[in-house]
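All heavy atoms count here, side chains included; hydrogens, waters and symmetry mates do not.
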Amino acid sequence: MRRAQELQIDIDNMTVSHPVVPGKVLVIVIDGVQGKAKVAEAVEHGYTIIETAKGKTARIKYEESELF
């Protein structure tokens, strides 16, 4: 199951729109090189890392931990 979901890009004015979701931290990644946009929920405890390669978005990595 993929955590990141593709967002539609409004071609007329080249914008992306996404609502604020109460209680969630969302990361929106806009890659103008590939012409793609995605939204992913950040992990509750840990890191959400956007990895790039050759100037393009390559992957989103999630490193989770648990508080003691």
Could you list the donor-acceptor pairs under 3.5 angstrom formed by side chains in residues 38-48, with sequence neighbours left out?
{"from": "Thr48", "atom 1": "OG1", "to": "Val43", "atom 2": "N", "distance (Å)": "3.2"}

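- Considering only residues two or more places apart in sequence or on other chains, Glu63 meets the side-chain hydrogen bond (donor to acceptor under 3.5 Å, both in side chains) condition with none of them.
- Counting non-hydrogen atoms of neighbouring residues, nucleotides and ligands closer than 6.0 angstrom, the CD atom of Glu66 reaches no more than 12 such neighbours.
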Which atom pairs, donor and acceptor, lie under 3.5 Å between side-chain atoms of residues 28-35 and protein residues at least two apart or in another chain?
{"from": "Asp31", "atom 1": "OD1", "to": "Val33", "atom 2": "N", "distance (Å)": "2.9"}
{"from": "Asp31", "atom 1": "OD1", "to": "Gln34", "atom 2": "N", "distance (Å)": "3.0"}
{"from": "Asp31", "atom 1": "OD2", "to": "Gln34", "atom 2": "NE2", "distance (Å)": "2.7"}
{"from": "Asp31", "atom 1": "OD2", "to": "Thr57", "atom 2": "N", "distance (Å)": "2.7"}
{"from": "Asp31", "atom 1": "OD2", "to": "Thr57", "atom 2": "OG1", "distance (Å)": "3.1"}
{"from": "Gln34", "atom 1": "NE2", "to": "Thr57", "atom 2": "O", "distance (Å)": "2.9"}

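- For the residue pair Ile60 and Ala4, the shortest heavy atom distance occurs at CD1-CB, 4.0 Å.
- Evaluation of the side-chain hydrogen bond (donor to acceptor under 3.5 Å, both in side chains) rule for Asn13 yields Thr15 as partners, not counting sequence neighbours.
- Here Glu6 pairs with nothing under the salt bridge (Lys or Arg N to Asp or Glu O under 4.0 Å) rule; sequence neighbours left out.
- Glu51 meets the side-chain hydrogen bond (donor to acceptor under 3.5 Å, both in side chains) test with Arg59; sequence neighbours excluded.
- Residues meeting the side chain to side chain contact (heavy atoms under 4.5 Å, CB included) test with Val21, sequence neighbours left out: His18, Lys24, Leu26.
- In this view, Ser17 satisfies the side-chain hydrogen bond (donor to acceptor under 3.5 Å, both in side chains) rule with no residue, not counting sequence neighbours.
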